[in-house]
**Q** 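Supplied in structure tokens, the structure appears directly below.
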There are 2 protein chains.
Amino acid sequence: MAETIPAPAAEPARAGRRRSTSRAALERVALELFDRDGFEHTTVDDIAAAAGIGRRTFFRYYASKNDAVWGEFDLEALRARLEAHGPQVPMMDAIRAAVLDFNRIGPEEEPRHRRRMELILRVPALQAHSTLKYAEWRSVVEGFAARRTGEPPGSLLPRLIGSAVLGACIAAYEQWLADDGADLQELLDRALRELAAGFDRPDPGAPPPPAAGDRPRA
Amino acid sequence: MAETIPAPAAEPARAGRRRSTSRAALERVALELFDRDGFEHTTVDDIAAAAGIGRRTFFRYYASKNDAVWGEFDLEALRARLEAHGPQVPMMDAIRAAVLDFNRIGPEEEPRHRRRMELILRVPALQAHSTLKYAEWRSVVEGFAARRTGEPPGSLLPRLIGSAVLGACIAAYEQWLADDGADLQELLDRALRELAAGFDRPDPGAPPPPAAGDRPRA
DNA sequence: TACCATAATGGCACCGAGTGCCGAAAGGAA
DNA sequence: TTCCTTTCGGCACTCGGTGCCATTATGGTA
């Protein structure tokens, strides 16, 4: 999740009419309107008008109204971060480090990111759409897990790890949104550690397990 | 997931025009058309026409075209099954048993269930919509986990468990669909056991962990 | 049997997202 | 200028979904 594409990558100067706006600019306009009037009550016409473009043009920048909420993800970066650690680093540690890094956002970006994630996690239409947006994200994690576990990609364990890691991130984000002062990095870290350790822990006030480890506290 | 509502619960005989169809009948008609023509290429008009009702009436039975694919879930049953085991049964064992039980389907139901899940997991619009449909399902698991862990509902760990368990089920279902002969119960069982045990297992060919347990094999 | 309250039906008009088509605008290069 | 390329944006259309309301079917009651 997170990790917006850095730069427009300076174009060399092509022929033809110049683009009259940019995805980033449209996203800003859209988020402002969503914030002010709510996602459902903002029509694509509203956004286009506010951005000074035609409605038809909006759909050349974003495939749907939903998509305008998402920044662009640089999945290559996630993949690179996963592979950054050698095979001596345990799989879940590598995943945790990569995910934390991927979700690191500067303090000045935080308010916008918060609003964006509030929309994504609370507006039903966006909540639903997120499944599609995160499919690739999940498959990156899945691919890494496949390599590390030695299982073929597409088999149960890697898929499970991909799904579960995504679930953990969503749970962490939900917690983050619920508490204004919360630290996203810490929440992600906790969630992913819990996931790595497994949920087979004794209930409060139950007999101790056969092998005592150093499980993180809940 | 799964577990359709059993009976229409014999009505006492009220005044007024009788319903001209039923949710179940509409679902059958819709699934047939989706199967034949594909989900996107089937319009609500098509379904209504095939069912011999007006388009407007269709939306009185299902809130959306998407919803026609889902059977109705009896979440009360899931909740009951979770609580069926006493507190001496470990949390993840109780969850596993309840989920397996909830997803038990008779052999005659299997083909229909398979087609249904194929649609849900493969058609993008339905895949997206599923997030909303399973929100309540997840919150049932989350509530149980909250009680068992002693954490307040809505806090990180129970949420994480809800998300992760759902993720595990989805991974199992995907495997099930990918292989015609696969046994759903066994896949769910494996996925949930892996999840319970955690993913902090040694990579193939790495040094043994400090405490050797009886982790399930991958 | 006539009437009435009730509940479901379905047509109609409308909104908004998304798409195919195509001519017009804008800019670089010959 | 002329030509080529690219983007723009209007128009018309499809489809999902909703509010409104007259119509129809049904059971109960006078």
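Chain A is the first sequence line, chain B the second, and so forth, proteins listed ahead of strands; every chain is numbered from 1.
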**Q** Backbone N or O of Gly154(A) within a donor-acceptor pair of the Arg159(A) side chain at under 3.5 Å?
**A** yes
**Q** Does the side chain of Gln127(A) pick up a donor-acceptor pair with the side chain of Arg122(A) at under 3.5 Å?
**A** no
**Q** Salt-bridged, Arg79(A) to Glu76(A), with N to O below 4.0 Å?
**A** yes
**Q** Dot-bracket for DNA chain D, 5' to 3', counting Watson-Crick or G-U wobble pairs under 3.5 Å, with [ ] for crossing pairs and | for inter-strand pairs?
**A** ||||||||||||||||||||||||||||||
**Q** Return the set of residues passing side chain to side chain donor-acceptor pair (under 3.5 Å) with Ser22(A) (not counting sequence neighbours), or none when no residue passes.
**A** none
**Q** Mark up nucleotides 22-30 of chain C, 5' to 3', with B wherever a protein heavy atom is under 4.0 angstrom from a base atom, S wherever such an atom reaches only the sugar-phosphate, and - elsewhere.
**A** ---BBBS--
**Q** Is the NZ or CZ atom of Arg116(A) positioned over Trp70(A)'s six-membered ring, under 6.0 angstrom from the centre and within 45° of the axis?
**A** no
**Q** Find every protein N or O atom lying less than 3.5 Å from an N or O atom of nucleotides 15-19 of chain D, and list the pairs.
**A**
{"from": "dG16(D)", "atom 1": "OP1", "to": "Lys65(B)", "atom 2": "NZ", "distance (Å)": "3.1"}
{"from": "dG16(D)", "atom 1": "OP2", "to": "Val44(B)", "atom 2": "N", "distance (Å)": "3.2"}
{"from": "dG17(D)", "atom 1": "OP2", "to": "Lys65(B)", "atom 2": "N", "distance (Å)": "2.7"}
{"from": "dG17(D)", "atom 1": "N7", "to": "Arg55(B)", "atom 2": "NH2", "distance (Å)": "2.1"}
{"from": "dG17(D)", "atom 1": "O6", "to": "Arg55(B)", "atom 2": "NH2", "distance (Å)": "3.0"}
{"from": "dG19(D)", "atom 1": "N7", "to": "Arg56(B)", "atom 2": "NH2", "distance (Å)": "3.0"}
{"from": "dG19(D)", "atom 1": "O6", "to": "Arg56(B)", "atom 2": "NE", "distance (Å)": "2.6"}

**Q** Do His129(A) and Asp67(A) have side-chain atoms, one donor and one acceptor, less than 3.5 Å apart?
**A** yes
**Q** Do Phe144(B) and Val140(B) come within less than 4.5 Å of each other through their side chains, counting heavy atoms only?
**A** no
**Q** Answer yes or no for Lys65(B) and Phe58(B): cation-pi contact, defined as NZ/CZ to six-membered ring centre under 6.0 Å and angle to ring axis within 45°.
**A** no
**Q** Give Tyr61(A) one of three labels, base, sugar-phosphate or nothing, depending on what nucleic acid heavy atoms sit under 4.0 Å from its own.
**A** sugar-phosphate
**Q** Parallel, tilted or perpendicular: which fits the ring planes of Tyr134(B) and Trp137(B), with parallel below 30° and perpendicular above 60°?
**A** perpendicular
**Q** Short of 4.0 Å, heavy atom to strand atom, which residues of residues 22-30 of chain B count as contacting DNA chain C?
**A** none
**Q** Do Pro124(A) and Glu40(A) touch side chain to side chain, with heavy atoms closer than 4.5 Å?
**A** yes
**Q** Classify the ring geometry between Tyr173(A) and Trp176(A) as parallel (under 30°), tilted (30 to 60°) or perpendicular (over 60°).
**A** perpendicular
**Q** Starting from C1' on dA17(C), measure out to NE2 on His41(A) and report it in whole angstrom.
**A** 16 Å
**Q** Take atom CD of Glu32(B) as the centre, draw a 6.0 Å sphere, and report whether it contains more than 12 heavy atoms from other residues, nucleotides or ligands.
**A** no
**Q** OP1 or OP2 of dT9(C) less than 4.0 angstrom from a side-chain nitrogen or oxygen of Ser20(B), does that happen here?
**A** yes
**Q** With sequence neighbours excluded, tell me which residues meet salt bridge (Lys or Arg N to Asp or Glu O under 4.0 Å) with Asp189(A).
**A** Arg96(A), Arg193(A)
